[in-house]
Visitor: 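Below you'll find the structure I mean.
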Amino acid sequence: MALRAVLLRQLRVPVQTLALASRKSQPWSFSSCIRLMSSHDDHLSKEQVIGRVLDVVKSFPKVDPSRVTPDVHFQKDLGLDSLDNVEIIMAIEEEFKLEIPDKEAVKIDSCNLAIEYVYNHPMAA
Amino acid sequence: MSVSTAAYLARRAAQKERVQILYRRALRDTLTWAVHRHLFYQDASNLREKFDANKHVEDLDAIDRMIAEGEAQYNKWRHPDPYIVPWAPGGSKFTRNPTPPSGIEIVYNYGREDND
């Protein structure tokens, strides 16, 4: 018993102080500790928007997936119809749970416009 | 009549936009009526075939007449309770929680008096 106590007194395990120090000196990122209670605060990042919009366009049956880039124009480059344009925009609306007014939906003609519209929309999910 | 003047092209472009808006509303309506996806796909392809059958009509008046007929049919078949995205006007969450006016703040002093 005494031997054990002596041995324990002699053993010293190096304490990991480095992790604690670095965590304390880091600026606290408040968005991780605060729960956002409203749905108006979080925004999608541009890469996420681009990735999801391109996935929607690529999974359209009349589109050749290898030709889809973020700059592609639906009617000129992909050879789609104006009604196909409408269908793609409806698919994008369903993907991001948006409601695009009719007048603006008709004007979205290319991937660029679609990505910008979704990115700037406050309620894109 | 069929000379490509600016007026002709402008009329064709306006008709194209009307057709696009009509197709969009009809497709949305089809989605509200046919809730299950396999039924929706069926109905959507039928609708697309109806639109494609008249794709090559060139006469402006005939096109106008067909668009008017299409809009009459759309008005006849409109759903009384369409699905609208909740935060949009007409949806269920519209103006549910408006943002509070600025300048209001909640002071958490937990019952302590101010002159302590």
Visitor: Just wondering, do Trp87(B) and Leu98(A) contact through their side chains at under 4.5 Å, heavy atoms?
Guide: yes

Visitor: Which atoms of Arg25(B) come close to chain A, meaning under 4.5 Å heavy atom to heavy atom: side chain ones, backbone ones, both, or neither?
Guide: side chain

Visitor: Spell out the residues in residues 70-85 of chain B that have some non-hydrogen atom less than 4.5 Å away from a non-hydrogen atom of chain A, in order of number; otherwise answer 'none'.
Guide: Ile84(B), Val85(B)

Visitor: I'd like to check Tyr23(B) versus Leu47(B) (side-chain heavy atoms, cut-off strictly below 4.5 Å). Are they in contact?
Guide: yes

Visitor: Which residues pass the ring pair (Phe, Tyr, Trp, His ring centres under 6.0 Å) test with Phe60(A), not counting sequence neighbours?
Guide: none

Visitor: Using modelled atom types and a 3.5 Å cut-off, is there a donor and acceptor pairing between side-chain atoms of Asp77(A) and backbone atoms of His73(A)?
Guide: yes

Visitor: Shortest non-hydrogen contact from Asp43(B) to Ala34(B)?
Guide: OD2-CB, 3.6 Å

Visitor: Salt-bridged, Glu17(B) to Lys107(A), with N to O below 4.0 Å?
Guide: no

